[in-house]
Amino acid sequence: TARTTVTTEEPKSESGGLVLIKNPHLDTMEEDILYHLDLGTRTHNLPAMFGDIKFVCVGGSPNRMKAFAQFMHKELGLEGSGEDLADICAGTDRYAMYRTGPVLSISHGMGIPSISIMLHELIKLLHHAKCRDVTIIRIGTSGGLGIEAGSVVITDTAVDASFQPRFEQVVLGDVVVRSTDLDRDLAEELLACSKEVPDFPTLIGHTMCTYDFYEGQGRLDGALCSFSSEKKLEYLKRAHEAGVRNIEMESTAFAAMCGLCGLKAAVVCVALLDRLEGDQIRAPREVLREYQQRPQRLIAAFIRRRLGLHPPAGPALPSSN
């Protein structure tokens with residue numbers, strides 16, 4: 001039987017804002033190849049490329065993260081249209097990465113395994129680049145729980161499918177359990193920023209993270225289903241009573257890894273539907289596109305406020321691709 005290890009490590013307070021790594025073996029390596037990002041410490045000058053990055057925004061879709069980078073290019077008032085932003089990870093088809101000013105925009109794919117691989121290499125990149133005082137935010141989509149479709153949820157705590165604030169991973173046969181608390185002050189700051197984009201509801205709540213989109217989230221419409229509609233509804237109501245307001249597939253791993261490495265982190269996801277009312281996403285494509293822009297608009301307002309910038313003149317929306 002696997003032994004359970006509870007990890008309670010805290011980031012070192014003397015880090016001076018640097019991104020930490022929790023791996024002594026890296027100090028003995030002459031070169032660190034960030035394989036899935038097509039970057040490396042010998043082949044690239046990471047401090048020159050990334051040393052002044054202050055905000056990292058991650059999301060599932062490569063197209064969406066490119067659109068967000070182009071949107072931020074306009075929001076920051078940078079020269080040019082931003083339409084020609086280059087994919088820094090163009091040498092691989094695993095992830096896409098774009099830079100605009102002090103903002104890095106990266107795709108992470110779908111699910112815990114995909115975001116975990118990206119985060120290992122991203123965190124090492126930020127460490128090697130000697131970045132300081134980095135804020136990292138996951139922006140994405142989710143299923144809502146007892147909230148209106150189109151609502152934006154700012155996560156206070158990521159919980160697992162048993163509604164516990166933990167991320168479990170098997171390491172060398174042992175189950176390692178890590179905390180999934182996120183930065184509360186950052187969540188409150190994001191909620192305050194939502195007043196600048198008041199045309200959609202924004203709230204703070206727990207986010208439930210699952211390993212699966214179908215059975216793992218209590219859906220009745222997958223290729224497999226081992227429970228009744230009554231059992232499904234009872235489970236989702238228990239989740240709601242436990243404080244869960246949305247469901248997605250990355251937040252526990254994201255919160256655990258960022259917390260251990262000293263990164264101030266937040267998760268901001270829009271709800272595409274209320275799971276208490278159904279399983280399938282039925283809203284028209286144009287409605288879903290506008291929903292998906294909502295977290296991006298909130299994060300843009302947050303970054304502008306942090307940088308002391310005024311909103312650009314005229315209506316600005318992320319690209320719809």
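Index from 1, following the sequence. On a predicted model such as this, the values are computed, not experimentally measured, just so you know. Because only heavy atoms are used, hydrogens play no part in the values below, and waters and symmetry mates are left out as well, while side chains stay in.
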- Are Cys89 and Arg94 close enough that some pair of their side-chain heavy atoms sits under 4.5 Å apart? no
- Residue pair Tyr95 / Ser114, side-chain heavy-atom distance below 4.5 Å: yes
- Message: By the ring pair (Phe, Tyr, Trp, His ring centres under 6.0 Å) test, which pairs, at least two apart or in different chains, include something from residues 206-263?
- Response: Phe163-Tyr235
- Query: To the nearest 0.5 Å, how far apart are SG in Cys225 and NZ in Lys231?
  - Reply: 13.0 Å
- Just wondering, do His44 and Leu34 contact through their side chains at under 4.5 Å, heavy atoms? no
- Item | Test item: Leu126 and Leu122 side chains (from C-beta on) under 4.5 Å apart, heavy atoms | yes
- Task: Could you tell me whether Asp52 and Arg99 have a side-chain N and a carboxylate O separated by less than 4.0 Å?
- Result: yes
Distance-only donor-acceptor hits, side chain of residues 268-275, under 3.5 Å, sequence neighbours excluded:
{"unit_1": "Asp274", "atom_1": "OD1", "unit_2": "Gly146", "atom_2": "N", "d": "2.9"}
{"unit_1": "Asp274", "atom_1": "OD1", "unit_2": "Leu276", "atom_2": "N", "d": "3.0"}
{"unit_1": "Arg275", "atom_1": "NE", "unit_2": "Gly278", "atom_2": "O", "d": "3.3"}
{"unit_1": "Arg275", "atom_1": "NE", "unit_2": "Asp279", "atom_2": "OD1", "d": "3.4"}
{"unit_1": "Arg275", "atom_1": "NH1", "unit_2": "Gln217", "atom_2": "O", "d": "2.9"}
{"unit_1": "Arg275", "atom_1": "NH2", "unit_2": "Gln217", "atom_2": "O", "d": "3.2"}
{"unit_1": "Arg275", "atom_1": "NH2", "unit_2": "Gly218", "atom_2": "O", "d": "3.3"}
{"unit_1": "Arg275", "atom_1": "NH2", "unit_2": "Asp279", "atom_2": "OD1", "d": "2.9"}

- Query: In the single-linkage hydrophobic clustering (I, L, V, M, F, W, Y; side-chain heavy atoms under 4.5 Å), do Phe302 and Leu307 co-cluster?
  - Reply: yes
- Query: Is Ile204 linked to Leu186 within one hydrophobic cluster, defined over Ile, Leu, Val, Met, Phe, Trp and Tyr using a side-chain heavy-atom separation of less than 4.5 Å?
  - Reply: yes
- Query: Hey, is Arg184 close enough to Glu188 for a salt bridge, meaning N to O under 4.0 Å?
  - Reply: no
- Please list all pairs passing the ring pair (Phe, Tyr, Trp, His ring centres under 6.0 Å) test where one or both residues lie in residues 108-160, with sequence neighbours left out. none
- Distance col, row Ile117:CD1 vs Ile112:CD1, nearest 0.5 angstrom, shows 12.0 Å
- Salt-bridge criterion met for Asp133 and Arg306 (N-O under 4.0 Å): no
- Message: According to salt bridge (charged side-chain N to carboxylate O under 4.0 Å, His left out), does anything in residues 201-222 pair up with another residue at least two apart or in another chain? List the pairs.
- Response: none
- Query: side chain to side chain contact (heavy atoms under 4.5 Å, CB included) with Ile303: which of Lys54, Glu75, Met72?
  - Reply: Met72
Result block: side-chain N/O donor-acceptor pairs under 3.5 angstrom for residues 76-85, not counting sequence neighbours:
{"unit_1": "Ser81", "atom_1": "OG", "unit_2": "Glu83", "atom_2": "N", "d": "3.2"}

- List in chain and number order the residues that pass side chain to side chain donor-acceptor pair (under 3.5 Å) with Thr155, two or more places apart in sequence or in another chain; answer none if no residue qualifies. Thr207
- Message: Under 4.5 Å between side-chain heavy atoms, counting indirect links through other Ile/Leu/Val/Met/Phe/Trp/Tyr residues: same cluster for Val56 and Met49 or not?
- Response: yes
- Please tell me if the side chains of Arg297 and Phe71 come closer than 4.5 Å, counting only heavy atoms from C-beta onward. yes
- From Asp183, Asp185, Asp181, residue fulfilling salt bridge (charged side-chain N to carboxylate O under 4.0 Å, His left out) relative to Lys264: Asp183
- Message: Quick test of your reading of the model: are Glu241 and Lys237 salt-bridged, counting only N-O distances below 4.0 Å?
- Response: no
- Hey, does Leu46 have a side-chain heavy atom less than 4.5 Å from the side chain of Thr41? yes
- Query: Does a side-chain N-to-carboxylate-O contact under 4.0 Å join Glu189 and Arg305?
  - Reply: no
- Item | Within-4.5 Å side-chain heavy-atom neighbours: Ile154 and Leu298 | yes
